[in-house]
Number of protein chains: 2
Amino acid sequence: MDVFQPATADLDLTTVLQALGDPVRLKIVRELATGGEQVCGAMEVGVSKSTRSHHFKTLREAGVTATRVEGTHRHVSLRRDDLEARFPGLLDAVLQTQAAPA
Amino acid sequence: MDVFQPATADLDLTTVLQALGDPVRLKIVRELATGGEQVCGAMEVGVSKSTRSHHFKTLREAGVTATRVEGTHRHVSLRRDDLEARFPGLLDAVLQTQAAPA
DNA sequence: CAGGCAGTTCGATACTCATCGAACCAGCGC
DNA sequence: GCGCTGGTTCGATGAGTATCGAACTGCCTG
């Protein structure tokens with residue numbers, strides 16, 4: 001298992017935007033933003049286990065999240081500082097927006 | 001020809017992020033940001049005419065750009081104010097980032 | 001050790017979408 | 001009117017990806 005996540009300098013804007021440009025992942029990011037680090041499975045995003053895993057992987061590989069393995073659990077958190085360093089204001093701008101404008 | 005573009009209130013974050021999450025469109029947005037309103041065809045983005053048209057359409061329908069028809073030309077501009085009103089700081093954050101991190 | 005649980009991976013499916021060339025449409029100039 | 005030129009639309013194609021269930025892996029506990 002590679003819990004690899006890209007270095008801050010390697011973060012690619014297009015990739016990050018693509019990662020954020022999905023309703024499910026955006027929801028995940030919001031959850032992480034408000035709830036802090038969370039266990040992967042504790043989040044209810046309305047998709048199957050495998051799909052959820054896929055989205056977490058996408059976010060991680062885009063450099064949006066960090067994953068910490070602890071026993072059988074994976075603790076996922078936002079890489080706020082790294083994102084802020086690489087794309088100042090971007091994450092805040094995304095998070096400030098209302099979740100779902102109906 | 002519908003030069004329809006969504007109202008400010010209808011702008012959807014996911015849609016905008018998806019629109020921005022493409023290298024070609026990101027390039028277009030940058031060009032518009034630095035050069036102001038431009039004629040559609042005057043922009044060199046490295047894709048065919050039809051593909052370029054498609055990207056302009058995507059950006060327009062996402063609410064990122066405005067299109068003004070003048071004779072046979074289409075003048076395209078960024079909807080900076082609308083985007084700023086709906087997603088404060090987002091566009092700036094995107095534009096501030098270096099174009100292509102090698 | 002056996003079982004269960006967390007999470008990933010696999011294989012398949014369906015859908016989206018970026019891309020192109022060609023055909024088409026609409027002004028503009030001759 | 002005839003054609004050129006800017007731009008859109010069409011149809012096709014290929015790549016990417018979101019989704020699922022099922023099989024697998026690893027850890028922890030009884």
Side-chain angles (χ1 to χ4, degrees), chain A residues 1-6 12-32 35 37-77 100, chain B residues 1-6 12-32 35 37-77 100:
Chain A
M1 254 306 300
D2 55 348
V3 277
F4 171 77
Q5 37 235 342
D12 175 49
L13 179 59
T14 305
T15 307
V16 171
L17 290 175
Q18 257 169 0
L20 296 176
D22 178 282
V24 175
R25 289 194 291 264
L26 200 50
K27 181 172 167 61
I28 292 175
V29 169
R30 284 187 210 284
E31 299 267 339
L32 290 176
E37 184 182 73
Q38 298 194 17
V39 174
C40 172
M43 205 178 301
E44 194 46 65
V45 289
V47 294
S48 78
K49 198 165 62 159
S50 46
T51 304
R52 193 177 52 204
S53 187
H54 159 69
H55 284 305
F56 275 118
K57 183 180 177 186
T58 303
L59 286 171
R60 178 169 49 84
E61 292 184 344
V64 176
T65 62
T67 303
R68 184 169 61 82
V69 180
E70 184 172 309
T72 62
H73 296 253
R74 261 121 180 108
H75 297 255
V76 182
S77 58
Chain B
M1 253 306 301
D2 55 347
V3 276
F4 171 78
Q5 36 234 342
D12 175 49
L13 178 58
T14 306
T15 307
V16 171
L17 289 175
Q18 256 169 357
L20 296 176
D22 178 282
V24 175
R25 289 194 292 265
L26 202 49
K27 181 172 167 61
I28 292 176
V29 169
R30 285 188 209 283
E31 299 266 339
L32 291 175
E37 184 182 72
Q38 297 196 18
V39 174
C40 172
M43 205 177 300
E44 194 47 64
V45 289
V47 294
S48 78
K49 198 166 60 159
S50 46
T51 304
R52 192 178 53 204
S53 187
H54 159 68
H55 284 306
F56 274 117
K57 183 179 177 187
T58 303
L59 285 171
R60 180 168 48 86
E61 291 184 345
V64 177
T65 63
T67 303
R68 183 170 61 83
V69 179
E70 185 172 309
T72 61
H73 296 252
R74 261 118 180 112
H75 297 255
V76 182
S77 58

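Because the structure is predicted, anything quoted here is derived from the model rather than measured. Every chain is numbered from 1 and lettered A, B, ... according to where its sequence line falls, protein lines coming before strand lines.
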### Task
Using atom NE2 of A:His75 as one end and atom P of C:dA6 as the other, report the distance to the nearest whole Å.
12 Å
### Query
Under 4.5 Å between any side-chain heavy atoms of B:Val45 and B:His55, yes or no?
no
### Pairwise distance NE2(B:His73) to CZ(B:Arg68) - rounded to 0.5 angstrom
11.5 Å
### Query
Out of D:dA18, D:dT9, D:dG7, which has the shortest distance to the side chain of B:Arg74?
D:dG7
### Task
State, to 0.1 Å, how close B:Pro23 and A:Thr14 come at their nearest heavy-atom pair, and which atoms those are.
CD-CG2, 3.7 Å
### Task
Assess whether side chain to side chain contact (heavy atoms under 4.5 Å, CB included) is satisfied between A:Arg60 and A:Thr65, documenting all intermediate values.
CA-CA 5 Å; A:Arg60 178 169 49 84; A:Thr65 62; 3.7 Å; yes
### Task
Can you tell me the distance, in whole Å, between the NZ atom of A:Lys57 and the C1' atom of C:dT8?
9 Å
### Task
Look up atom CD in B:Gln18 and atom CG in A:Asp22, then write down how far apart they are to the nearest 0.5 Å.
7.0 Å
### Summary
Side-chain atoms of B:Ser53 come closest, of D:dT8, C:dT9, C:dT19, to D:dT8
### Task
Have a look at A:His55 and say if it touches a base, only the backbone sugar-phosphate, or nothing, with a 4.0 Å heavy-atom cut-off.
sugar-phosphate
### Query
Closest nucleotide of DNA chain D for B:Ala42 versus for A:Thr58: which of these residues is on the 5' side?
B:Ala42
Using nucleotides 25-30 of chain D, report all nitrogen or oxygen pairs with the protein that are shorter than 3.5 Å.
none

Enumerate the protein-to-nucleotides 20-24 of chain C contacts in which both atoms are nitrogen or oxygen and the separation is below 3.5 Å.
residue: C:dC20; atom: OP2; partner: B:Ser48; partner atom: N; Å: 2.8
residue: C:dC20; atom: OP2; partner: B:Ser48; partner atom: OG; Å: 3.3
residue: C:dC20; atom: OP2; partner: B:Thr51; partner atom: OG1; Å: 2.9
residue: C:dG21; atom: N7; partner: B:Ser50; partner atom: OG; Å: 3.3
residue: C:dG21; atom: O6; partner: B:Ser50; partner atom: OG; Å: 3.0

### Heavy-atom check, side chain of A:Val39 versus side chain of A:Glu70, under 4.5 Å
no
### Task
Starting from P on D:dG16, measure out to CG on A:Asp22 and report it in whole angstrom.
18 Å
### Task
Ignoring the backbone of A:His73, work out which of C:dG7, D:dA18, D:dT19 is nearest its side chain.
C:dG7
### Query
So, do B:Phe56 and B:Thr67 sit near enough that their side-chain heavy atoms are less than 4.5 Å apart?
no
### Query
Between the two end axes of the helix from C:dC1-D:dG30 to C:dC30-D:dG1, each built from 5 base pairs, what angle do you get to the nearest 10°?
10°
